[in-house]
2 protein chains.
Amino acid sequence: MNSPVITIKELARLLDLSPTTVSRVLSGNAKKYRISDATEKLVKEAAKQHQYQPNQIARNLRLKETNTIGLVIPDISNPFFANLARIIEIELRKLGKLILLTDTHDSSDLECETFKFLFGRKVDGILVAPVGLRCEHLQRFSHIPMVMIDRYFSELSVPYVSTDNYAGAYVATEYLINKNHSRIACIQGLVNTISNKERVRGFRKAIKDYGISSEDIEICGRDFSIENGYQTTQKLLKQASSLTAIFTLGNQIAIGAMRAIKENGLKIPEDISIISFDDQAYFDLTCPPLTTIRQPIDLIGLEAVRILFNLMDGRQPESKLLPAKLIERSSVKDCNSV
Amino acid sequence: MNSPVITIKELARLLDLSPTTVSRVLSGNAKKYRISDATEKLVKEAAKQHQYQPNQIARNLRLKETNTIGLVIPDISNPFFANLARIIEIELRKLGKLILLTDTHDSSDLECETFKFLFGRKVDGILVAPVGLRCEHLQRFSHIPMVMIDRYFSELSVPYVSTDNYAGAYVATEYLINKNHSRIACIQGLVNTISNKERVRGFRKAIKDYGISSEDIEICGRDFSIENGYQTTQKLLKQASSLTAIFTLGNQIAIGAMRAIKENGLKIPEDISIISFDDQAYFDLTCPPLTTIRQPIDLIGLEAVRILFNLMDGRQPESKLLPAKLIERSSVKDCNSV
DNA sequence: ACTACTTGCACAATCGATTGTGCAAATTAC
DNA sequence: GTAATTTGCACAATCGATTGTGCAAGTAGT
């Protein structure tokens with residue numbers, strides 16, 4: 001029986017031709033190498049009949065091109081990254097590339113190991129949302145075309161695409177302040193990641209600009225998980241301060257915070273207000289609908305892919321910070337009207 | 001300068017050894033081939049110093065093993081699949097495999113193309129949540145180790161791991177009936193997919209077992225999207241029937257349904273009850289908290305990987321249907337107590 | 001009929017790692 | 001001192017596709 005995989009060599013033997021000729025026909029270079037029309041037709045028919053599929057591994061080795069892009073993400077179960085992955089997958093597929101997906105679970109060590117893997121696989125490029133704590137490995141592999149998404153290191157020459165986290169956080173904080181909140185807690189994500197730092201910076205700047213005492217605010221939390229949102233909020237609420245609003249710096253944190261508030265028998269926004277960075281599809285259905293800062297996820301994905309391909313074509317790296325947008329719902333109480 | 005990539009051949013030249021010897025040392029076969037301790041040490045040090053990373057493409061070609069698993073998913077932005085992807089990624093990484101991720105957007109054509117791609121890439125195995133409409137391509141490539149997840153075709157000899165959708169839907173329906181609902185709509189997902197069909201079957205069976213007139217129920221909808229949940233619910237509500245409960249067959253459908261209900265100014269569960277297949281992390285925070293049927297996502301992922309590896313080891317295929325669990329919250333009104 | 005092209009295809013090397021086998025040199029045995 | 005082993009490593013083929021080059025056979029020109 002025919003094995004389910006047929007190679008060019010076998011095809012050639014069947015047709016009594018050389019592998020060279022078969023290869024040339026199948027890669028569309030028949031004319032270029034003066035293969036006769038008759039032979040061309042013969043080869044094509046045989047290929048179809050035997051369902052010939054080129055062995056990409058062999059092509060890759062020879063052509064030094066794998067048509068594969070590494071996608072390195074801290075947590076694919078976070079809807080922000082899942083949505084990002086989706087748009088990126090769509091774009092890359094249009095361009096004939098496949099994705100090697102890796103989830104680093106916010107571990108720099110895993111990320112570093114991942115880079116070695118991807119390098120060994122000879123990916124044509126890498127799209128990475130770095131954990132954000134270290135970057136030697138990014139540096140080390142920066143000879144391969146790479147774009148950072150969401151999180152980045154401005155000190156590296158690697159381009160990035162992200163949200164303008166600073167401005168977004170500023171707007172969110174300003175919004176709270178305009179609603180006359182003054183005792184505000186900010187629950188942050190992974191400390192030291194640029195997106196977190198920028199959001200915190202935006203928060204602080206607004207606080208300062210509006211002359212709010214630094215004693216009336218609190219910045220706490222440690223990562224972007226639901227767990228962190230929950231535990232940090234529990235702690236905040238136990239402090240029995242006169243906290244009036246919480247600004248969560250990620251959608252998962254918001255979930256945890258809401259859960260804790262609910263368990264404490266408090267009402268949003270009557271007892272405590274909440275605003276979150278990073279909108280999600282279901283945030284209009286939570287109790288109450290959540291006011292958020294929406295990041296332009298699709299645009300981030302699109303731009304990242306575009307820039308990556310520019311890089312692969314040898315063009316200049318180019319970074320982008322895209323604007324976030326306030327989505328006003330009803331999780332923030334207007335303390336002016338009291 | 002040294003190029004950033006060093007090959008075995010170059011390493012060999014530097015050390016004045018043959019590539020053979022270098023290869024043998026680096027793949028840990030020094031003893032087996034009687035390489036002297038001195039040489040072994042020399043090679044290892046040079047490899048470390050030059051940061052040698054084996055070219056996996058070349059190894060793959062020679063060894064016919066890519067350490068890559070194809071993951072084929074209908075929609076990675078659906079949290080159900082994102083969570084599944086995450087647990088699978090974790091398990092596969094433990095086993096030294098990387099994931100080629102593809103999103104088929106619920107298109108059988110794309111799925112078919114995807115299979116060709118994966119075959120060409122010589123993946124060691126495939127984990128697929130098939131679109132579910134056609135399966136010739138699954139058949140055609142069934143010589144490569146493959147496990148279907150979530151959705152499956154029982155007529156194929158390809159093993160699968162999924163939830164016991166029939167039983168889950170039966171329990172959900174029974175729950176509604178016990179709460180004395182009798183005018184129930186069921187908003188389904190992708191018609192003809194096995195998970196949908198099984199859920200509908202469970203629904204129908206419960207309806208029949210409890211003697212509810214088929215005129216009091218309605219089965220509508222077309223796919224697993226938010227959009228479908230929204231539009232179908234809008235239609236249902238416009239019919240001004242005396243509908244008392246909706247059973248949505250997927251988490252995204254539930255979101256759409258809730259949105260439509262809300263926009264129509266109706267209250268859940270006072271005006272209309274809702275129960276959904278497929279629990280999500282945030283469903284305790286929606287307005288109201290949603291009663292759902294939870295699928296054992298982690299277990300599905302774990303089992304799928306386990307079975308796939310058994311297959312790759314040449315052991316027998318084996319399929320599993322895992323139990324779902326009712327998570328009672330407060331989106332279903334108890335009509336008995338009225 | 002003899003040279004000059006053109007046509008149609010095959011040879012062989014290559015990509016980087018792996019592996020069965022072979023063969024000197026070193027060691028041991030007697 | 002010679003034969004028998006053992007030690008230590010290299011040769012060369014292989015995986016499947018690609019490509020620069022070469023070379024017959026066919027056609028055209030005069």
Side-chain angles (χ1 to χ4, degrees), chain A residues 2-44 46-47 50-68 119-124, chain B residues 2-44 46-47 50-68 119-124:
Chain A
N2 299 336
S3 89
V5 314
I6 187 159
T7 67
I8 281 203
K9 213 187 289 179
E10 292 166 333
L11 223 41
R13 204 168 29 75
L14 287 177
L15 295 168
D16 205 22
L17 285 168
S18 78
T20 304
T21 303
V22 176
S23 168
R24 287 181 167 143
V25 168
L26 294 180
S27 35
N29 291 324
K31 291 290 161 282
K32 180 175 163 196
Y33 288 103
R34 299 184 310 232
I35 310 295
S36 71
D37 290 358
T39 305
E40 181 174 0
K41 193 165 297 173
L42 226 61
V43 170
K44 283 187 172 164
H50 292 277
Q51 301 199 110
Y52 170 75
Q53 288 286 336
N55 181 330
Q56 296 294 339
I57 302 295
R59 296 193 81 228
N60 296 342
L61 182 58
R62 177 68 219 241
L63 300 180
K64 303 191 160 296
E65 199 195 37
T66 55
N67 287 318
T68 305
F119 172 71
R121 306 296 178 104
K122 303 298 165 198
V123 291
D124 295 339
Chain B
N2 300 335
S3 89
V5 315
I6 188 160
T7 67
I8 281 203
K9 213 186 292 180
E10 292 166 332
L11 224 40
R13 203 165 32 76
L14 288 175
L15 295 168
D16 206 22
L17 284 169
S18 77
T20 304
T21 303
V22 177
S23 168
R24 286 182 168 143
V25 168
L26 294 179
S27 37
N29 291 324
K31 292 289 161 280
K32 180 175 164 196
Y33 288 103
R34 301 184 308 232
I35 310 295
S36 70
D37 290 357
T39 306
E40 180 174 1
K41 194 164 298 173
L42 227 60
V43 170
K44 282 186 173 165
H50 292 277
Q51 300 198 110
Y52 170 75
Q53 288 287 334
N55 181 329
Q56 295 294 340
I57 303 294
R59 296 193 80 229
N60 296 342
L61 181 58
R62 178 65 220 244
L63 300 180
K64 301 190 163 296
E65 199 196 36
T66 56
N67 288 317
T68 305
F119 172 71
R121 304 296 178 106
K122 303 298 166 198
V123 292
D124 294 339

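All values below were derived from every heavy atom in this structure, side-chain atoms included, with hydrogens, water molecules and symmetry-related copies excluded. Lettering of chains follows the sequences in order, A, B, ..., and the numbering in each one begins at 1.
For the side chain to side chain donor-acceptor pair (under 3.5 Å) with Arg121(B), the qualifying choice from Thr68(A), Thr66(A), Asn60(A) is Thr68(A), the only one to do so.
Residue whose closest nucleotide on DNA chain D sits further toward the 5' end, between Lys9(A) and Thr21(A): Lys9(A). Each of Glu40(B) and Ala58(B) was assigned the nucleotide of DNA chain D with the nearest heavy atom; the assignment lying further toward the 5' end belongs to Glu40(B).
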Next item on the list: Report the C-alpha distance between Thr21(B) and Leu15(B) in whole Å, list the side-chain angles of each, state the deciding distance to 0.1 Å, and finish with yes or no for side-chain contact (heavy atoms from CB on, under 4.5 Å).
Entry: CA-CA 10 Å; Thr21(B) 303; Leu15(B) 295 168; over 6 Å; no
Item checked: Residues Ile6(B), Gln51(B); criterion side-chain contact (heavy atoms from CB on, under 4.5 Å); working and verdict -> CA-CA 8 Å; Ile6(B) 188 160; Gln51(B) 300 198 110; over 6 Å; no
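The CG atom of Leu11(A) sits 11.0 Å away from atom OG of Ser23(A), with the distance rounded to the nearest 0.5 Å. Atoms NZ and CZ, on Lys64(B) and Arg62(B) in that order, are 10.0 Å from each other to the nearest 0.5 Å. With rounding to the nearest 0.5 Å, the separation of CD1 in Ile57(A) from CD in Glu65(B) is 11.5 Å.
Scanning residues 23-38 of chain A for heavy-atom distances under 4.0 Å to DNA chain D yields Ser23(A), Arg24(A), Tyr33(A).
A search for ring-ring contact (aromatic ring centres under 6.0 Å, His included) contacts involving Phe119(A) returns Phe141(A), His143(A), not counting sequence neighbours. Annotation: side chain to side chain contact (heavy atoms under 4.5 Å, CB included) contacts of Asp37(B) (sequence neighbours excluded): Lys31(B), Glu40(B). Among residues two or more places apart in sequence or in another chain, the salt bridge (Lys or Arg N to Asp or Glu O under 4.0 Å) test is passed with Lys9(A) by none.
In this structure, the side chains of Gln53(B) and Val5(B) stay at 4.5 Å or more apart for every pair of heavy atoms.
Mapping heavy-atom proximity under 4.0 Å, the span of DNA chain C touched by chain B runs 5' to 3' from dC15(C) to dT21(C).
Backbone-only contact: Thr7(B) has heavy atoms under 4.0 Å from sugar-phosphate atoms and none from a base. Counting non-hydrogen atoms under 4.0 angstrom, Ile57(A) reaches nothing in the nucleic acid.
When the C1' atoms of four end pairs are superposed on the next four at each end of the helix from dA1(C)-dT30(D) to dC30(C)-dG1(D), using five pairs per end, the two resulting axes differ in direction by 50°, to 10°.
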